[in-house]
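Okay, so here's the structure we're looking at.
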Amino acid sequence: MSIILPVRCCLLVCLLGMYRLCGAALPSPFLSFSAGYATYLIGEPVYLQCLANSTLTVHGYRFFKNNQEVQSTMGSFGNQFTINMVNTDHAGSYTCIYWVSDSRGLQTSSHSPPVTLSVLDQPSTPVLLIKPKHLLYFVGESVTLVCDHPHVNSQLVYSFQKDGTELPHRDLLQSELRFSHLSTKDSGAYDCQYWLTGHPRRIISSRSVSQKLYVTDLSASPVLNFQPPYSTFILGENLTLECVAPSPVPVTLFRLYKEGREMIGSPNPHSGRHTLYNVTKEDQGEYTCMYWSTKGQREIPSTQSTARKFNVIAPLLPPLLSLDPPNGRIWDGGNVTLFCTILSHFERTTFHFLTEKEEILSVSTNKTETRKSITITVRKSNATAAKYFCQYTVEINGRLLLSPKSSQAEITVITGSVFWLIAAGVVAGIVVLFIMILLLYWVLRSRIDQTESAPKTPEVSSEDSGKFISSRSQDKC
Ligand SMILES: *[C@@H]1O[C@H](CO)[C@@H](O)[C@H](O)[C@H]1NC(C)=O
Ligand SMILES: *[C@@H]1O[C@H](CO)[C@@H](O)[C@H](O)[C@H]1NC(C)=O
Ligand SMILES: *[C@@H]1O[C@H](CO)[C@@H](O)[C@H](O)[C@H]1NC(C)=O
Ligand SMILES: CC(=O)N[C@H]1CO[C@H](CO)[C@@H](O)[C@@H]1O
C-alpha cells in the first residue's frame with residue numbers, strides 16, 4: 001500500500017497537470033531524540049529533532065505519532081518537537097516530514113524512519129529498614145538493612161551508602177545489607193537507592209531517607225575495691241567490697257559475684273557497697289562485680305570487673321620474751337640479754353624491744369628467723385627496776401601486721417647500798433654466830449672443869465653451899 005499510495009498520488013498529480021513535482025521526490029528526513037535515548041520517565045521533558053538532508057530551503061516540519069499528526073507542546077519551533085512532561089500516553093512510534101515551497105509550488109517529503117518513545121514510571125523512592133529496629137546497637141550484635149520499595153518489573157541493582165560514601169564489596173543484586181557482628185565503626189547514617197538495568201540509559205531511583213545506626217561498646221568495666229585496701233585480713237575483721245563504675249555513667253544497678261555466683265544479700269543496688277562483718281576463712285575467694293546503665297532506653301550490662309581476692313589469716317600470736325639471767329636480777333653495770341621468740345615462720349620479721357615508755361631497738365630480718373636477742377648493760381642511773389616487752393611486725397601480702405606484746409619481763413638492778421647492807425648483815429650474822437659458839441664453848445668448858453676438880457678441891461665447893469649441894473646430889477646419882 002505504502003508504495004501504491006505515492007504512485008496513485010503521483011498519478012493524480014500528473015493528471016492534474018503538475019507533472020514536475022513527480023520528477024524529483026524530496027529525500028526523507030531523520031528523526032532522533034536529542035538526549036540520545038528513547039526511554040523516558042514520567043515527567044521528564046522529551047526533545048525530538050527532525051533533520052532534513054536537503055539543500056532546499058525547508059519551510060516547515062510536521063510530526064506524527066502512530067501515523068497521526070501531533071502538535072509539539074511548545075508549538076512548532078523549526079525542526080524540534082518537544083514534550084514538556086512526558087507521560088505514558090506519549091509512548092509510541094514517531095515520524096516526521098518536511099515541506100518546501102519553490103517555483104514549482106509546495107512539495108512534501110516522505111516520512112522519516114520511525115523512532116519509538118518508551119515511557120516508564122519514575123522508580124519509587126525506596127525506604128531503608130533496619131531489622132531489628134533499636135535506637136542503639138551493641139558491639140557484636142547483628143542487624144540487617146533492607147532497601148524496601150514497591151515491586152518493579154525489571155532487573156534491579158542496589159546501592160548502599162554510609163555517610164555519603166558507597167559501601168564497597170557487596171553483591172549489587174541484593175536488596176539487603178547484613179552486619180553479622182557490629183562494631184563501633186559501623187555507626188553512621190545509611191541510605192540506599194536502586195537502578196533498573198536492561199535499558200540504554202541508567203534509570204535510578206531517588207535516595208532513601210537516611211537512617212542512623214548507632215553502635216556502642218558495652219560499658220567499660222567497673223573497679224572492685226576492698227575497704228580497707230588490703231588483700232589479707234585477720235579473722236573477725238570487717239571488710240567492705242566497693243564496686244566503682246567509671247565516673248560519668250548513670251548506674252541503675254550494681255551486682256557483686258563471689259566465685260562467679262551472685263552474692264546473696266547483695267549490695268545496695270545504688271551504691272555498690274557491701275560489708276562482710278567478722279570475716280572468716282569461708283569468705284576467702286575471688287570477687288568480681290558488674291553494673292547496669294541505661295543507654296537509649298536499653299539496659300546495658302557492663303563487662304565484669306577484674307577479679308579481686310583476699311585471704312583471711314588467724315591473728316598473730318604474741319612472742320615469748322625470756323631473760324639471761326632468768327630472774328632478771330643483775331648488778332649495777334651488769335649485762336642482761338633479752339630473747340624474743342616468735343612461734344611461726346614469716347618471710348620478713350621485724351623484732352621490737354621496748355619498755356613501757358619507748359622502743360629501745362627494732363631489728364629487721366629478711367630470713368625466716370624466729371628468735372632475736374639483744375644484750376643491754378644496765379646501770380644504776382637507769383631505774384632500779386624496769387619492765388621490758390617485745391613484739392614483732394610481719395609483712396603479709398603487702399600488709400604490715402603488728403603482733404600483740406609479749407608478757408613482761410622485769411629487770412631489777414641490785415644497787416650498791418643494798419649490797420653493803422646485805423654484806424653488813426652477813427658480817428653481823430657471822431659475828432653473832434661466833435659469839436654464840438664462843439659462849440657455848442665457855443659454858444661447856446666450865447662444866448667439865450667443875451666435875452673434874454670437885455673431889456680434889458672440896459674447899460672450893462664449900463665456898464658456895466648451893467654448888468656443893470648440887471655436886472653432892474650428883475655424886476649420889
Ligand atoms: C565490725 O563492724 C561492727 C558493726 O559495725 C562493729 O561493731 C565491729 O566493731 C567491727 N569490727 C571490727 C574488727 O572493726
Ligand atoms: C565472729 O566469728 C566468730 C567465729 O566465727 C564468733 O565466735 C564471733 O562471735 C563472731 N563475732 C561477731 C561480732 O559476730
Ligand atoms: C657487758 O657487755 C659488754 C659488751 O656487750 C662487755 O664489754 C662487758 O664486758 C659486759 N659486762 C659484763 C659484766 O659481762
Ligand atoms: C636498760 C637501759 O635503759 N639502759 C640504759 C641506762 O642508761 C644508760 C645511759 O645512762 C644507757 O646507755 C643505757 O642504754
Side-chain angles (χ1 to χ4, degrees), residues 317-343 350-363 369-392 403-477:
L317 293 171
L320 297 178
L321 182 63
S322 55
L323 298 176
D324 182 30
N327 64 5
R329 294 174 68 82
I330 43 155
W331 306 113
D332 183 18
N335 290 340
V336 63
T337 306
L338 291 92
F339 296 95
C340 191
T341 310
I342 57 173
L343 304 170
T350 304
F351 291 85
H352 307 275
F353 293 93
L354 43 148
T355 63
E356 281 169 311
K357 287 186 208 142
E358 57 184 345
E359 184 174 286
I360 312 167
L361 188 69
S362 66
V363 194
E369 272 183 85
T370 58
R371 189 172 159 109
K372 261 287 170 219
S373 65
I374 58 163
T375 299
I376 50 177
T377 305
V378 184
R379 304 229 169 261
K380 199 170 87 179
S381 52
N382 305 110
T384 52
K387 293 186 174 78
Y388 288 86
F389 302 92
C390 80
Q391 63 188 145
Y392 58 96
S403 77
K405 283 178 182 173
S406 68
S407 57
Q408 68 180 38
E410 198 165 339
I411 294 174
T412 311
V413 183
I414 307 165
T415 56
S417 56
V418 172
F419 171 75
W420 286 117
L421 214 67
I422 291 167
V426 167
V427 167
I430 290 166
V431 166
V432 166
L433 198 71
F434 182 71
I435 288 166
M436 283 180 78
I437 290 167
L438 220 70
L439 259 168
L440 195 68
Y441 174 76
W442 183 75
V443 168
L444 287 175
R445 183 66 196 259
S446 67
R447 283 262 174 99
I448 293 161
D449 286 352
Q450 252 180 19
T451 50
E452 280 174 5
S453 64
K456 289 174 208 169
T457 56
E459 51 276 275
V460 177
S461 59
S462 65
E463 284 172 9
D464 191 337
S465 58
K467 275 178 188 168
F468 177 74
I469 291 161
S470 65
S471 63
R472 276 177 79 176
S473 61
Q474 268 183 347
D475 289 341
K476 279 176 189 169
C477 297

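Because only heavy atoms are used, hydrogens play no part in the values below, and waters and symmetry mates are left out as well, while side chains stay in.
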Q: Mind listing the closest non-hydrogen atom pair of E369 and F351 along with its distance?
A: O-CZ, 4.0 Å
Q. So how far is it from Y441 OH to S446 OG, rounded to the nearest 0.5 Å?
A. 11.0 Å
Side-chain donor-acceptor contacts of residues 317-327 below 3.5 Å, not counting sequence neighbours, with atom names and distances?
unit_1, atom_1, unit_2, atom_2, d
N327, OD1, R329, N, 2.9

Q. How about F353 and I376: do any of their side-chain heavy atoms sit closer than 4.5 Å?
A. no
Q: Specify the closest pair of heavy atoms between I330 and N335, including all atoms of both residues, with the distance to one decimal.
A: CG2-O, 3.8 Å
Q: Nearest 0.5 Å please: distance from the SG atom of C390 over to the CG atom of L361.
A: 11.5 Å
**Q.** Distance-minimising heavy-atom pair for S373 and F339
**A.** CB-CD2, 3.4 Å
Q. Is a side-chain donor or acceptor of Q391 paired with a backbone partner of H352 at a separation under 3.5 angstrom?
A. no
Q: Could you tell me which non-hydrogen atom of L354 sits nearest to which non-hydrogen atom of E359, and how far apart they are?
A: CB-CA, 3.7 Å
Q.
On a heavy-atom basis, which atom in F389 and which in S406 lie closest, and how many Å separate them?
A. CD2-O, 3.5 Å
Q) Taking atom CG of D449 and atom CG of L444, what is their separation to the nearest 0.5 Å? A) 11.0 Å
Q: Quick one: closest heavy-atom pair of K372 and V363, and the distance?
A: CE-CG1, 3.5 Å
